[in-house]
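Since the structure comes first, as structure tokens, the remarks are kept for the end.
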Amino acid sequence: MKHIEHDRLYTDLQYRYDYVASMIGFTREDQELIKKSGTVVAGLVPTIVDAVYDKLYQYDITWKHFAQDQEGLEVQTSSSNDEKNVTMGSEVIKFRKNMLTKYLKKLVTAEWNLSFIKYLDWVGHIHTTTPLKKSSINVEYIHCNALLGYVAAVVVGALQKATEWDDDTRDQIVNAYNKFFWLQNDFFSRYYVKDRVLTDGEKKAVALEEEHKENAVRRELRSESMLNALVGIAAGLALGSIGYKYLGSS
């Protein structure tokens, strides 16, 4: 029988992940299967993202959160809770769709190390109100849980229709994703379900770790934005030089 240190489950993120992954049976082989699905999932991402936001649009109680400032984006609406002003073409929906797209792509490309575990934890963290966040958005757990279940159903449903693998491989990949979404759900629930009260020392240690995690993720997101901007500038310069070559010489 393996001994599990109770308190470390609430103060040590890697330790918590290792325990939950072990209990679920999520292994290195599952990680590799998810990576293996990358070429197929990449083509499904736009459809999955659209399906998720179509679902969110069906309910005012979920859509209203997009009328609030997001982590990384200030929302411009006539009223802080006027969800009717938010449409599929609104900047905030484009922003959130882009974040979900990055999440799905990162899932099939990232190395499964502490940095990625912190990213998965950050995904759960940004939906809650904490002193470390720039935005005050707070999505109740009932909606996070329901949406994550829907995302899992959409992804798994799409994978089950894939014809790129034999039946056995497809079943293994689907199983790996099922386990993963339970892991992701735990990274949401740890910010909502209070199983124990932390001591003052533990609170300080966790707060410091959270601050480091937030800063690391923000740096990564800024780096991705800068890279995209540089690619755009380079493309613009290239097109400009081509235009000059063919138009300026005429």
Query raised in the report: What distance separates Ile4 CD1 from Arg16 CZ, expressed to the nearest 0.5 Å?
Result: 12.5 Å

Report summary line: Interatomic distance, CG@Asp30 vs NZ@Lys35, rounded to 0.5 Å, equals 13.5 Å

Query raised in the report: Salt bridge check: are Lys118 and Asp121 linked by an N-O gap of less than 4.0 Å?
Result: no

Requested in this report: Test side-chain hydrogen bond (donor to acceptor under 3.5 Å, both in side chains) on Asp50 and Thr47 and set out the steps.
Outcome: CA-CA 5 Å; Asp50 285 345; Thr47 301; over 6 Å; no

Query raised in the report: Which residues pass the ring pair (Phe, Tyr, Trp, His ring centres under 6.0 Å) test with Tyr57, sequence neighbours left out?
Result: Trp63

Query raised in the report: Does Phe116 CZ have over 12 foreign heavy atoms under 6.0 Å away?
Result: yes

Query raised in the report: Taking a hydrophobic cluster as the set of Ile, Leu, Val, Met, Phe, Trp and Tyr residues connected by side-chain heavy atoms closer than 4.5 Å, whether directly or through intermediates, do Phe188 and Ile61 fall within one such cluster?
Result: no

**Report entry** Within 6.0 Å of CD in Gln58, more than 12 heavy atoms from elsewhere
**Finding:** yes

Report task. Supply the atom-to-atom distance His125 NE2 to Leu120 CG, rounded to the nearest 0.5 angstrom. Result -> 14.5 Å

**Report entry** Step-by-step ring-ring contact (aromatic ring centres under 6.0 Å, His included) determination, Tyr103 to Trp122
**Finding:** CA-CA 11 Å; Tyr103 169 82; Trp122 176 80; 9.8 Å; no

Query raised in the report: In terms of ring plane angle, is the pair Trp112 and Phe26 parallel, tilted or perpendicular, where the classes change at 30° and 60°?
Result: tilted

Requested in this report: Inspect the surroundings of CH2 in Trp165 and state if more than 12 heavy atoms from other residues, nucleotides or ligands are less than 6.0 Å away.
Outcome: yes

Report task. Take Asn98 and Thr101, measure what side-chain hydrogen bond (donor to acceptor under 3.5 Å, both in side chains) needs, and give me the verdict at the end. Result -> CA-CA 5 Å; Asn98 184 50; Thr101 297; 5.4 Å; no

In a table with atom names and distances, give each donor-acceptor pair under 3.5 Å that connects a side chain of residues 141-157 to protein atoms at least two apart or in another chain.
residue : atom : partner : partner atom : Å
Tyr141  : OH   : Asn185  : OD1          : 3.1
Tyr141  : OH   : Asn185  : ND2          : 3.2
His143  : NE2  : Glu140  : OE1          : 3.2

Query raised in the report: Within 45 degrees of the axis of the six-membered ring of Tyr119 and under 6.0 Å from its centre: does Lys106 put its NZ or CZ there?
Result: yes

